[in-house]
Undergrad: 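Let me begin by handing over the structure; questions about it come next.
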Amino acid sequence: MVETTISVIKADIGSLAGHVIVPDFLFELARKELKAAVEKKIIQDFHVTNAGDDLEFIMTHNKGENNEEVHRLAWETFMKGTELAREKKIYAAGQDMLADTFSGNVKGMGPGSAEMTFEERRSEPIAVFMADKTEPGAFNLPLYKVYADPFNTAGLVIDPNLHDGFRFVIQDIMKDVPCFIEMKCPEESYDVLALLGSTGKYTIKKVYRNDGMITASVSTDKLHAVAGKYVGKDDPVAIVRAHSGLPAMGEVLEAFTTPHLVSGWMRGSHAGPLLPVSLKDSRCTRFDGPPRVVALGFQVSNGKLVGPVDLFDDVAFDISRQRGMEVADYLRRHGPFQPHRLSDDQMEYTTLPKVLTRCKSRFIEEEIVPKGKSKDHSDSAE
Ligand code: F6R
Ligand code: MG
Ligand code: MG
């Protein structure tokens, strides 16, 4: 039995005119490198694309997840791209490349990755979701809806293959050592929601159908935690299989119609709506955003990728984008106030500790009445 692995590995290695869009020469370089890797049989097929300022490699092979050769290929390609981006003085060149040398796997080195291995069905439709200016927890709400909300996914109620529910593998991403829990829906849906609602702490890593069939995989690399300091956001990716006993592609996409609020807008320190956009709109501009997600659909066919289809390039999502832009406009009116600005512990940029150090000695334990000459108004009335 031959299994196919899909590896989506991404990094921000520099972008044009600020943190906006990957330059063409990086696509060209990446395509050349990955094409050579197909010839050397390191991978079977690939598609290179972008989510805003993130360069994305969608690759197929039969070497399994966390494969050193495949991860090395991505790493070295990002390194070569970084060199070129530096030469051309592209903005934030090499932003996500946190290590100097490769050590077996891109995990913990800066780039993000989502991978999934399966025996191909008779026909294998998949979607790859790629988001910019946000974090892995951004996928909690839509993926919960896909696999556990019958108001989103009709198949949960009317398709006998989905009726036994789904198993969520949830990761506590604040732990230094990866830490996971498996929970089952619908039986434990309230508990699942109790965790997934904390989007900055618990994120979906994988989803399996009740019988163990893998159906979704999310990147959960937390760049700023890895680096120990803020060096860019951990813009996430997710791979989802659809149809024939799994949620239909339309049910998967339906979950993205609410432009729900996510963290990561401007300086990784603001909340904003996640806009589902086509590739041509995969560029963050207004206030470096709003956060957005693109979705490419493929058929995986004997290890090859047939496609892509730009899934959000459809008027059916205009209403969601419009709603999202209204929410964005409203939130922007809050300027530096919460909840548009994130809470102290969630901001990736903050001057607050410095401000507090400066002010420390001025905090006293009684109410302050400002000193100064208080004017006697009865005198001045004479
Ligand atoms: C980076 C990002 C941006 C930057 C902001 C400040 O991916 O999303 O919002 O955080 O533009 O960038 P610097 O610090 O590079 O001037
Ligand atoms: Mg950037
Ligand atoms: Mg980005």
Side-chain angles (χ1 to χ4, degrees), residues 8-27 30 48-58 74 78 81-82 84-86 88-98 106 109-114 128-139 200 218-227 229-238 261-277 279 281-296 328 331-332 335-336 340-342 346-352 354:
V8 182
I9 307 188
K10 43 81 48 180
D12 177 348
I13 55 167
S15 47
L16 287 185
H19 298 277
V20 182
I21 194 163
V22 174
D24 284 344
F25 69 82
L26 287 182
F27 290 127
V48 172
T49 188
N50 76 303
D53 59 3
D54 293 272
L55 181 59
E56 315 267 351
F57 304 158
I58 302 166
F78 289 135
T82 295
L84 200 57
R86 286 195 175 130
K88 292 187 187 278
K89 289 182 67 180
I90 293 307
Y91 196 67
Q95 176 182 283
D96 289 353
M97 306 305 281
L98 305 179
V106 295
M109 300 180 76
S113 64
V128 179
F129 292 91
M130 296 158 279
D132 192 25
K133 314 302 181 206
T134 185
E135 58 177 12
F139 286 124
V218 181
S219 65
T220 52
D221 313 76
K222 253 188 112 56
L223 204 50
H224 64 272
V226 167
K229 66 182 173 65
Y230 176 74
V231 285
K233 277 173 291 299
D234 38 335
D235 298 318
V237 290
L261 293 184
V262 298
S263 300
W265 196 358
M266 182 49 86
R267 298 178 190 274
S269 305
H270 293 79
L274 187 69
L275 303 186
V277 297
L279 266 182
D281 293 320
S282 176
R283 60 181 73 206
C284 287
T285 51
R286 181 175 179 185
F287 198 56
D288 287 356
R292 49 195 87 189
V293 58
V294 290
L296 294 188
L331 278 172
R332 281 303 302 126
H340 179 34
R341 201 214 71 189
L342 299 178
Q346 288 187 340
M347 279 192 290
E348 290 183 344
Y349 275 59
T350 177
T351 50
L352 197 63
K354 278 195 184 150

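Order of listing sets the numbers, starting from 1, for every ligand and every atom in it.
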Undergrad: Under 4.0 Å, heavy-atom basis, I'd like to know which part of H19 is in contact with ligand 1: side chain, backbone, both or neither.
TA: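 H19 to ligand 1: side-chain contact only, backbone stays beyond 4.0 Å.
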
Undergrad: Please confirm whether Y91 approaches ligand 1 to less than 4.0 Å, judged on its heavy atoms.
TA: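 Yes, Y91 has heavy atoms under 4.0 Å from ligand 1.
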
Undergrad: I'd like to know if the side chain of H340 reaches the main chain of A271, judged simply by a donor and an acceptor atom lying under 3.5 Å from each other, with no hydrogens or angles considered.
TA: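 Answer holds: yes.
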
Undergrad: So, the side chain of D96 versus the backbone of D12: is there a donor-acceptor pair under 3.5 Å, distance only?
TA: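 Yes, D96 side chain to D12 backbone: donor-acceptor pair under 3.5 Å.
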
Undergrad: Any donor-acceptor pair under 3.5 Å linking the side chain of T134 with the backbone of D235?
TA: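 Judged by distance alone, no pair lies under 3.5 Å.
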
Undergrad: Which atoms of ligand 1 sit under 4.0 Å from any heavy atom of D53?
TA: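 Those of ligand 1 that fall under 4.0 Å from D53 are 7 (O).
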
Undergrad: Please name the atom of D235, restricted to N, O or S, that is closest to the Mg ion (ligand 3).
TA: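 Result for D235 and the Mg ion (ligand 3): OD2.
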
Undergrad: Could you tell me, atom by atom, which parts of ligand 1 come under 4.0 Å of a heavy atom of M266?
TA: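 Within the 4.0 Å cut-off of M266, ligand 1 contributes 9 (O).
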
Undergrad: Could you give me the CA-CA distance, side-chain angles and deciding distance for I9 and F78, then say whether side-chain contact (heavy atoms from CB on, under 4.5 Å) is met?
TA: CA-CA 10 Å; I9 307 188; F78 289 135; 3.9 Å; yes

Undergrad: Please report the C-alpha distance between M130 and D54 in whole Å, then the side-chain angles of each, then the deciding distance to 0.1 Å, and finally whether the side-chain contact (heavy atoms from CB on, under 4.5 Å) criterion is met.
TA: CA-CA 9 Å; M130 296 158 279; D54 293 272; over 6 Å; no

Undergrad: Is there a donor-acceptor contact under 3.5 Å from the side chain of D288 to the main chain of R267?
TA: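 Not a single qualifying donor-acceptor pair exists.
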
Undergrad: Could you tell me whether D235 approaches ligand 1 through its side chain, its backbone, both or neither, with non-hydrogen atoms closer than 4.0 Å?
TA: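 For D235, no heavy atom sits under 4.0 Å from ligand 1.
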
Undergrad: Counting heavy atoms not belonging to R341, are there more than 12 under 6.0 Å from its CZ?
TA: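 More than 12 heavy atoms, drawn from other residues, nucleotides or ligands, come within 6.0 Å of this atom.
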
Undergrad: What count do you get for protein N, O or S atoms closer to the Mg ion (ligand 2) than 2.8 Å?
TA: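 Near the Mg ion (ligand 2), the number of protein N, O or S atoms below 2.8 Å is 3.
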
Undergrad: Give a yes or no on whether a salt bridge exists between D132 and R283, defined as a side-chain N under 4.0 angstrom from a carboxylate O.
TA: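 No, D132 and R283 are not salt-bridged.
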
Undergrad: Give a yes or no answer on whether the side chain of S219 reaches the backbone of V237 with a donor-acceptor pair at less than 3.5 Å.
TA: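 Flag set: sc S219 to bb V237 pair under 3.5 Å.
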
Undergrad: Between Q95 and ligand 1, does any nitrogen or oxygen pair lie at a separation below 3.5 Å?
TA: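 Between Q95 and ligand 1 (N or O atoms, distance only) the closest approach is not under 3.5 Å.
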
Undergrad: Would you name the N/O/S atom of D132 that lies closest to the Mg ion (ligand 3)?
TA: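 Nearest N/O/S atom: OD1.
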
Undergrad: Is the backbone N or O of V22 less than 3.5 Å from a side-chain atom of S15, with the two atoms forming a donor-acceptor pair by type?
TA: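 No.
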
